[in-house]
Amino acid sequence: MKSSNDLRQTLLNIDHRGYPAYKSLRGEYDFGDFLLSIDHVQGDPFASPSNLSVRVPMGKAGFPKEYLREEYTCAALEDGLLRKFSEEIGRYSFKAKGSGKSGLIGTSRPGQEILRRSALEVTEEAVTARFEVGFPANGRTINARELEKVLFEFLPAAVVKCLYYRNWDKKVLERNYELAVDQHYIRRELPKRKLVAFLAEGSVLPRMSGVSSRPMQGAVPLSVPDSLRVEMNLPCHGKISGMGIPEGVTLIIGGGYHGKSTLLQALEQGVYNHHAGDGREYVITEDTALKLRAEDGRSVQNLDLSLFIHDLPNGKDTKRFSTADASGSTSQAAAVMEGIEAGSHTFLIDEDTSATNFLVRDEFMQKIVRSDKEPITPFCARVRDLYEKAGISTVLVAGSSGAFFHVADTVIQMDSYRPLDVKEKVGRLLPEYPLPAFDTGDFVLPGAGRLFWGIRSGSTHGDRIKTKVNSTDSFSINRETVDLRYVEQLVDREQMAALAGMMKYVVKNASGPVTVSRLAEMLERLLKQKGLDAFMEGYSYCGLAVPRTQEIYAMINRYRK
């Protein structure tokens with residue numbers, strides 16, 4: 001291993017030479033208190049920045065062992081360190097001057113959710129931070145003096161301030177640790193108490209805007225109806241009170257703009273832990289919960305939809321149904337069946353983003369269109385069986401149809417952003433509005449035997465496979481786009497990048513046939529054994545975040561080939 005003095009001398013030697021001479025810097029350097037690794041050097045000052053990392057041995061970093069003991073507390077520590085490190089190196093970005101991306105210094109910027117990321121990893125051996133630097137140049141001539149500032153002044157200052165326990169406000173790290181312990185405690189309590197979610201009293205659910213997930217200033221804090229009040233005694237915070245959403249079928253109703261969708265969105269994001277100050281720190285949803293919606297035009301392949309779609313006029317087999325251009329109702333039926341296959345225990349549905357004819361069919365329509373002429377069994381007719389026979393709960397926002405009142409265990413009305421339990425009121429009115437009978441047929445869940453055949457996207461083994469990530473909407477693999485814009489619980493572009501890396505690995509290595517569930521299990525096992533490193537090929541290695549099982553299944557199911 002070379003020393004920092006070797007690096008300084010090399011910089012002096014290549015100053016004012018052509019940009020490709022920067023390639024000679026690749027390698028690992030000992031800076032005394034930390035190791036600097038230059039892993040990838042950009043081809044020119046206008047290309048993607050160079051990849052670097054620092055590694056601080058834990059003996060010098062000094063973070064308490066209890067912070068590393070559990071995965072969830074380690075994730076909280078990593079998140080806290082990354083937030084501070086990202087902010088600190090951002091202060092120095094472009095203070096070194098030059099052409100193109102010269103002087104850029106950056107790494108991942110976490111959002112409101114706490115995710116395991118490749119940008120910062122903590123183990124019992126070391127703290128590793130990964131970041132990008134635009135190596136400075138004047139035109140395409142090396143400006144080594146400016147890079148020397150970055151590597152010998154800016155970077156060491158950020159490392160010392162952020163990656164050593166002795167320089168932290170201990171109360172901040174302790175707060176993050178205790179919050180993680182309490183959040184994990186609530187997650188473990190949910191199934192014991194037969195709840196799908198818990199929302200602490202006083203939580204701030206509304207977000208600042210459609211493009212910002214920060215808490216809205218001046219928002220009405222969450223209140224709790226006594227009939228749905230749940231109290232917990234958290235290990236660190238102590239006694240806490242909030243609204244429990246029971247297992248079964250829960251209906252969220254209310255007038256427009258009264259907070260129905262805001263409540264559901266909080267439940268959607270409650271599958272992730274949130275950092276202190278988010279307002280939803282104690283909004284916890286069981287972590288397999290899946291948001292379902294219509295996706296006109298999506299691909300469906302070899303899926304058993306017979307629970308909802310049957311007797312098509314063209315005679316097409318709905319037990320092995322495929323289409324390249326699904327309708328809204330077909331796509332939502334497919335989402336239900338794929339959610340079952342992915343092991344989800346809770347479905348989250350908003351009437352506004354659903355296919356109306358998939359959710360319900362009223363009595364008048366049934367009199368006009370006979371059941372033998374309607375191939376769709378509405379979700380309303382299956383939702384009780386999903387819970388009672390498959391153990392899958394549903395939380396549904398409804399604003400126009402009262403059909404779900406008849407099948408709901410819990411009815412929450414949002415009134416000026418405040419939840420009210422109106423189940424008793426609804427019960428008194430039900431006899432006046434009988435639910436029409438549905439010809440549903442037997443409730444039979446499909447098996448999990450769908451096969452993935454290992455098609456290599458038109459390439460042969462060993463060919464280069466190109467991927468491109470488009471925000472949280474989609475990624476492309478060679479010329480095939482995997483559209484995930486309606487997979488609403490993907491919250492970070494880096495999760496999309498990880499999924500793209502996973503799909504690339506599958507296309508490159510999987511040889512069929514293999515069941516979809518086995519393929520997903522293989523990817524998760526690889527993730528557990530090797531971490532995000534297993535899927536970094538072709539990506540900036542400070543730019544991946546761990547997706548959930550449900551999103552891994554969603555990716556596989558939306559790969560058209």
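Only a predicted model underlies this, so the values are computations on that prediction, with no experimental measurement involved. Count residues from 1 along the sequence.
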Pairs in or reaching into residues 230-262: which pass ring pair (Phe, Tyr, Trp, His ring centres under 6.0 Å), with residues at least two apart or in two chains? His237-Tyr282

Can you tell me how far the CG atom of Leu222 sits from the CE atom of Met243, to the nearest 0.5 Å? 5.5 Å

Quick one, Met216 and Arg207 - any side-chain contact, counting heavy atoms below 4.5 Å? no

For the backbone of Ala408 and the side chain of Lys423, can you confirm whether one donor and one acceptor N or O come within less than 3.5 Å of each other? yes

Checking Lys239 side chain against Asn233 main chain: does a donor-acceptor pair fall under 3.5 Å? no

Show the numbers, then the answer: is there a salt bridge (Lys or Arg N to Asp or Glu O under 4.0 Å) between Lys171 and Asp169? CA-CA 5 Å; Lys171 291 183 180 179; Asp169 179 345; over 6 Å; no

Specify whether Tyr505 and Phe535 have parallel, tilted or perpendicular ring planes, treating 30° as the upper limit for parallel and 60° as the lower limit for perpendicular. perpendicular

Mind checking what makes side-chain contact (heavy atoms from CB on, under 4.5 Å) contact with Thr353, not counting sequence neighbours? Lys291, Arg293, Asp350

Using atom types as modelled and distance alone, determine if a side-chain donor or acceptor of His406 lies under 3.5 Å from a backbone N or O of Tyr433. yes

Would you please classify the geometry between the Phe63 ring and the Tyr165 ring as parallel, tilted or perpendicular, with 30° and 60° separating the classes? perpendicular

Side chains of Thr288 and Gln550: do they bring a donor and an acceptor to under 3.5 Å? no

What pairs with Glu125 under side-chain contact (heavy atoms from CB on, under 4.5 Å), at least two apart in sequence or on another chain? Arg55, Thr123

